[in-house]
Amino acid sequence: PSPCWCLEHPEPGGAAHFFAAMALTAGRELCASAKAADHFEALGCDASEAKACATLAWRLDAAVDASRVVRYLRNRKGNINAAEAALRASLRWRETYLPVVATPEVRKELEKFKFVVQEGRSAAGELVVVVRANRLGKHTYDDIAICERAAVFFAEALETRFLGPLEKIAVIFSRLDLIKRRVDLDWIKMLGRTLEANYPERIRVCYVAPVSPAISGIWNGVLKWCFSPSSRSKIQLRQSAKSFLELVPAENLTVDLGGMKDETPSMSLILDDGRVSSYTSPAADDDSESDVSNASS
């Protein structure tokens, strides 16, 4: 019998009715995909990817931003089932976790400027985010949950105020002037998990430098498993901080990172009250020279 007949003559539990209902569902999915594919092609997807995105959007049966659908599907290498599971989990997270408000605790964490948007673009024209490891450390916070909320606030600000639908950023993770007590693997793993689960395909490349063989071992043994294979492929460990100049022109990079800018950019992140925070000195504060380890260690 046809799907229409089965709807008019239901036979609960009957095999014919079951398979016809399945066929009807598949038919509706195909129709919805065909109608929505054009929308994804407008975002730059080819015909095959647009069809897959439309199928994923139909399955979610919820108001989901089209660019988010594209990014999750690309992060899962076109696997619709895997992308659906990841996106559903993120949507549940967004429903319960957002919005993040710049409370005094979150504002205080943001104003430590562990991450900042660099003034000036990368050589490829991307927005550049700089993470300075010499501003990290477990002694800089009482509750890592506040650090996570600050990171999410920053990521949401990037998505809603700075980036286009599928625009990506370049990241510099600077280990310059890093001292032992500022090594914070818990913070890095928290950031990795949060970005991986809820902001996939926003980073084109991330340069981490300077990196020694010992640090490469920690990355390969522990940290890289916080990221999917797709995200791991974008993280490049470099021995010298001079590599930052491969990513960002000297005129757009600050002196402390090997560039020509005399001053660190004044700011990039606007808090909810409209006040623009200003960046202070990137140097680590209140650190004893006896704690300083060689930059290559």
Side-chain angles (χ1 to χ4, degrees), residues 39-40 42-45 49 53 56-57 60 62-76 83-84 86-103 106-107 109-122 124-131 145-173 187-188 190-206 226-228 230-231 234-235 247-248 265 267-277 279:
H39 182 61
F40 290 100
L43 285 175
C45 300
E49 185 181 41
C53 286
L56 175 57
L60 293 167
V64 182
D65 182 73
S67 65
R68 199 173 298 278
V69 172
V70 175
R71 289 190 284 111
Y72 273 85
L73 191 65
R74 288 178 177 175
N75 187 256
R76 294 322 192 259
E84 179 185 1
L87 187 45
R88 283 190 184 278
S90 180
L91 290 174
R92 289 193 295 269
W93 173 85
R94 296 182 71 84
E95 185 177 350
T96 58
Y97 199 88
L98 299 181
V100 172
V101 178
T103 60
V106 169
R107 187 188 303 271
E109 179 64 22
L110 285 168
E111 292 180 344
K112 292 171 184 173
F113 292 95
K114 297 174 180 178
F115 33 70
V116 65
V117 177
Q118 176 79 43
E119 185 179 290
R121 296 263 168 168
S122 72
E126 301 133 333
L127 197 73
V128 179
V129 172
V130 177
V131 181
I146 297 299
C147 299
E148 182 177 8
R149 296 191 73 79
V152 170
F153 184 95
F154 186 85
E156 286 293 308
L158 285 180
E159 284 210 330
T160 59
R161 302 173 185 177
F162 290 93
L163 299 177
L166 298 178
E167 188 177 354
K168 296 187 178 184
I169 64 174
V171 176
I172 287 176
F173 189 98
W187 188 92
I188 294 173
M190 173 277 296
L191 186 66
R193 284 193 300 265
T194 301
L195 296 182
E196 173 67 23
N198 303 295
Y199 303 94
E201 298 303 311
R202 277 302 190 186
I203 297 175
R204 181 184 69 82
V205 65
C206 173
C226 297
F227 302 85
S228 71
S230 176
S231 297
K234 297 164 187 174
I235 299 174
L247 189 61
V248 181
M267 191 43 213
S268 47
L269 190 64
I270 303 174
L271 302 178
D272 322 15
D273 59 5
R275 182 172 66 86
V276 180
S277 298
Y279 191 87

Run the numbers on Arg71 and Asn75 for side chain to side chain contact (heavy atoms under 4.5 Å, CB included), then give the verdict. CA-CA 6 Å; Arg71 289 190 284 111; Asn75 187 256; over 6 Å; no
Nearest heavy-atom contact between Arg107 and Ala102 is NH2-O, 3.6 Å
Run the numbers on Val101 and Val106 for side chain to side chain contact (heavy atoms under 4.5 Å, CB included), then give the verdict. CA-CA 8 Å; Val101 178; Val106 169; over 6 Å; no
Please give me the minimum heavy-atom distance between His39 and Ala66, naming the atom from each residue. NE2-CB, 3.5 Å
Any non-hydrogen side-chain atom of Phe115 less than 4.5 Å from a side-chain atom of Leu110? yes
Roughly how far, to the nearest 0.5 Å, is CG of Leu56 from CZ of Phe40? 7.5 Å
Compile the donor-acceptor pairs under 3.5 Å between side chains in residues 164-171 and protein atoms, sequence neighbours left out, one pair per line.
residue, atom, partner, partner atom, Å
Glu167, OE1, Gly164, N, 2.7
Glu167, OE2, Arg121, NH1, 3.2
Lys168, NZ, Glu201, OE1, 3.2

What's the separation between atom CD in Glu148 and atom CH2 in Trp187, rounded to the nearest 0.5 Å? 11.5 Å
Nearest heavy-atom contact between Ser122 and Leu247 is CB-O, 3.4 Å
Start with the C-alpha gap between Glu109 and Lys114, add the side-chain angles, then the distance that decides, and say whether salt bridge (Lys or Arg N to Asp or Glu O under 4.0 Å) holds. CA-CA 8 Å; Glu109 179 64 22; Lys114 297 174 180 178; 2.6 Å; yes
Distance col, row Phe154:CZ vs Phe113:CZ, nearest 0.5 angstrom, shows 9.5 Å
All heavy atoms of Ala145 vs all of Tyr97, minimum pair found to be O-OH, 4.2 Å
Check whether any side-chain heavy atom of Ile188 sits under 4.5 Å from a side-chain heavy atom of Phe173, and report yes or no. yes
Just how far is it from atom SG of Cys53 to atom CZ of Arg68, taken to the nearest 0.5 Å? 13.5 Å
Any side-chain heavy atom of Leu98 sitting closer than 4.5 Å to one from Val152? yes
Kindly confirm or rule out a cation-pi arrangement of Arg88 over Tyr72, judged by NZ or CZ under 6.0 Å from the six-membered ring centre and within 45° of its axis? no
Between Arg92 and Glu95, does any side-chain N to carboxylate O distance fall below 4.0 Å? no
Could you check Glu156, Glu126, Glu159 and say which one makes a salt bridge (charged side-chain N to carboxylate O under 4.0 Å, His left out) with Arg202? Glu159
Go through it in stages, so that I can follow the logic: the residues are Cys45 and Arg74, the test is side chain to side chain contact (heavy atoms under 4.5 Å, CB included), and I'd like the CA-CA distance, side-chain angles, deciding distance and then a yes or no. CA-CA 10 Å; Cys45 300; Arg74 288 178 177 175; 4.0 Å; yes
Can you give me the closest heavy-atom contact between Leu191 and Ala151, atom names plus distance? CD1-CB, 3.9 Å
What are the two closest heavy atoms between Val100 and Phe153, and how far apart are they? O-CD1, 3.4 Å
Rounded distance [0.5 Å steps], CG in Asn198 versus CZ in Arg193: 12.0 Å
